[in-house]
Amino acid sequence: MHRIPVRQIMTPTVVTIHPEELVADAAQLMEEFDLRRLPVVDDDDCLVGIVTDSDVLQAEAAGSALRSYEPEAEAQWLTVADIMTREVVTIEADATVGQLAVRMIEQKVGGVPVVAQGPHAPGQVRLVGIVTETDIFRMIAEKWQAEVAQTGQEV
């Protein structure tokens with residue numbers, strides 16, 4: 001299982017957000033799609049950051065402590081660019097699940113954007129998917145269920 005390419009377990013359709021969008025928009029997307037992280041992309045779908053549910057919660061708590069709700073003050077509200085992590089832990093689609101697991105453990109992250117070389121600059125990467133600990137668990141569970149179905153007994 002550890003030699004399976006990440007592309008086989010990743011989710012290729014990723015809910016993303018742009019850096020200029022409001023933190024409130026990120027919170028709404030996360031709630032709507034039941035997500036814990038949102039990759040932040042530019043207009044070319046190049047990865048520029050990531051925002052997590054913890055980032056959003058901290059921003060909302062800080063905002064509510066600093067000011068009361070004022071609809072006219074929307075320009076002062078935080079954007080995703082204000083709270084996102086710019087140095088994102090990533091993996092390429094051809095990497096193995098074993099490499100992915102090691103990277104996630106070493107970096108203490110529960111999900112990793114899957115990237116390919118970007119269209120323009122050498123350091124740019126284009127988002128092609130996302131993989132989380134749930135994807136790894138799902139793969140293990142499916143392999144186990146297949147073995148049980150094949151042998152007729154729990155292994």
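In what follows, residues are counted from 1 in the order of the sequence shown.
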>> Which heavy atom of Leu100 sits nearest to which heavy atom of Ile9, and what is that distance?
In response: CD2-CD1, 4.2 Å
> Around Gln150, counting heavy atoms of other residues, nucleotides and ligands shown, do more than 12 lie under 6.0 Å from its CD?
Replying inline: no
> Considering residues, nucleotides and ligands other than Glu20, do more than 12 of their heavy atoms fall under 6.0 Å from its CD?
Replying inline: yes
>> If you define the side chain from C-beta out and look only at heavy atoms, does anything of Lys143 sit under 4.5 Å from Ile4?
In response: yes
> What is the distance from atom CG of Leu47 to atom CD1 of Ile130, rounded to the nearest 0.5 Å?
Replying inline: 9.0 Å
> With hydrophobic residues grouped by side-chain heavy-atom distances under 4.5 Å, do Ile83 and Leu57 end up in a single group?
Replying inline: no
>> Please report the interatomic distance CD1(Ile140) to CG(Asp135), rounded to the nearest 0.5 Å.
In response: 11.0 Å
>> Show, in sequence, the C-alpha distance, side-chain angles and deciding distance for Val114 and Leu127, and conclude whether the side-chain contact (heavy atoms from CB on, under 4.5 Å) test is met.
In response: CA-CA 6 Å; Val114 182; Leu127 184 68; 5.9 Å; no
> Taking the side chain from Arg103 and the backbone from Thr90, do they hold a donor-acceptor pair closer than 3.5 Å?
Replying inline: yes
> If you look at every heavy atom in Val51 and Met30, which pair is closest and at what distance?
Replying inline: O-CE, 3.3 Å
> Which atom names give the shortest non-hydrogen contact between Val40 and Met84, and what distance separates them?
Replying inline: CG1-SD, 3.6 Å
> Should we say atom CD of Glu92 is surrounded by more than 12 heavy atoms from elsewhere, each under 6.0 Å from it?
Replying inline: no
> Does the salt bridge (Lys or Arg N to Asp or Glu O under 4.0 Å) test come out yes or no for Glu133 and Arg138, once each step is laid out?
Replying inline: CA-CA 9 Å; Glu133 69 271 343; Arg138 183 179 298 112; over 6 Å; no
>> Would you compute the distance between atom CG of Leu78 and atom CG of Asp55 and round it to the nearest 0.5 angstrom?
In response: 11.5 Å
> Counting only heavy atoms not in Gln28, do more than 12 fall under 6.0 Å of its CD?
Replying inline: no
> Quick one: CG on Asp45 to OG1 on Thr16, what's the gap to the nearest 0.5 Å?
Replying inline: 6.5 Å
>> Quick check: closest heavy atoms across Val88 and Pro113, and the distance to 0.1 Å?
In response: CG1-CG, 3.8 Å
> Just how far is it from atom SG of Cys46 to atom CD of Gln124, taken to the nearest 0.5 Å?
Replying inline: 3.5 Å
> Within the side chain of Gln99, is there an N or O that forms a donor-acceptor pair under 3.5 Å with the backbone of Thr96?
Replying inline: yes
> After noting the C-alpha distance and the side-chain angles of Arg37 and Asp53, does the key distance pass the side-chain contact (heavy atoms from CB on, under 4.5 Å) rule?
Replying inline: CA-CA 6 Å; Arg37 62 198 55 81; Asp53 54 355; over 6 Å; no
>> Whether the side chain of Thr85 engages the backbone of Glu87 through a donor-acceptor N/O pair (distance < 3.5 Å, no angle test) should be reported.
In response: no
> Which heavy-atom pair separates Ala59 from Val23 by the least distance, and what is that distance?
Replying inline: CB-CG1, 4.1 Å
>> How close do Val15 and Leu35 get, counting heavy atoms only, and between which atoms?
In response: CB-CD1, 3.7 Å
>> By the definition side-chain contact (heavy atoms from CB on, under 4.5 Å), identify the one residue from Asp43, Asp42, Val80, Thr79 that meets it with His18.
In response: Asp43
>> Please evaluate residues Asp94 and Arg7 with respect to the criterion salt bridge (Lys or Arg N to Asp or Glu O under 4.0 Å), reporting the C-alpha separation (whole Å), side-chain torsions for both, the decisive distance (0.1 Å), and the verdict.
In response: CA-CA 7 Å; Asp94 292 332; Arg7 78 173 66 259; 2.3 Å; yes
> Would Ile17 and Phe33 show up in the same hydrophobic cluster when neighbours are defined by side-chain heavy atoms closer than 4.5 Å?
Replying inline: yes
>> Distance check, rounded to the nearest 0.5 Å: Thr134 atom OG1 versus Met139 atom CE?
In response: 12.5 Å
>> Would the distance check show the side chain of Arg86 and the main-chain N or O of Ala81 forming a donor-acceptor pair, the cut-off being under 3.5 Å?
In response: yes
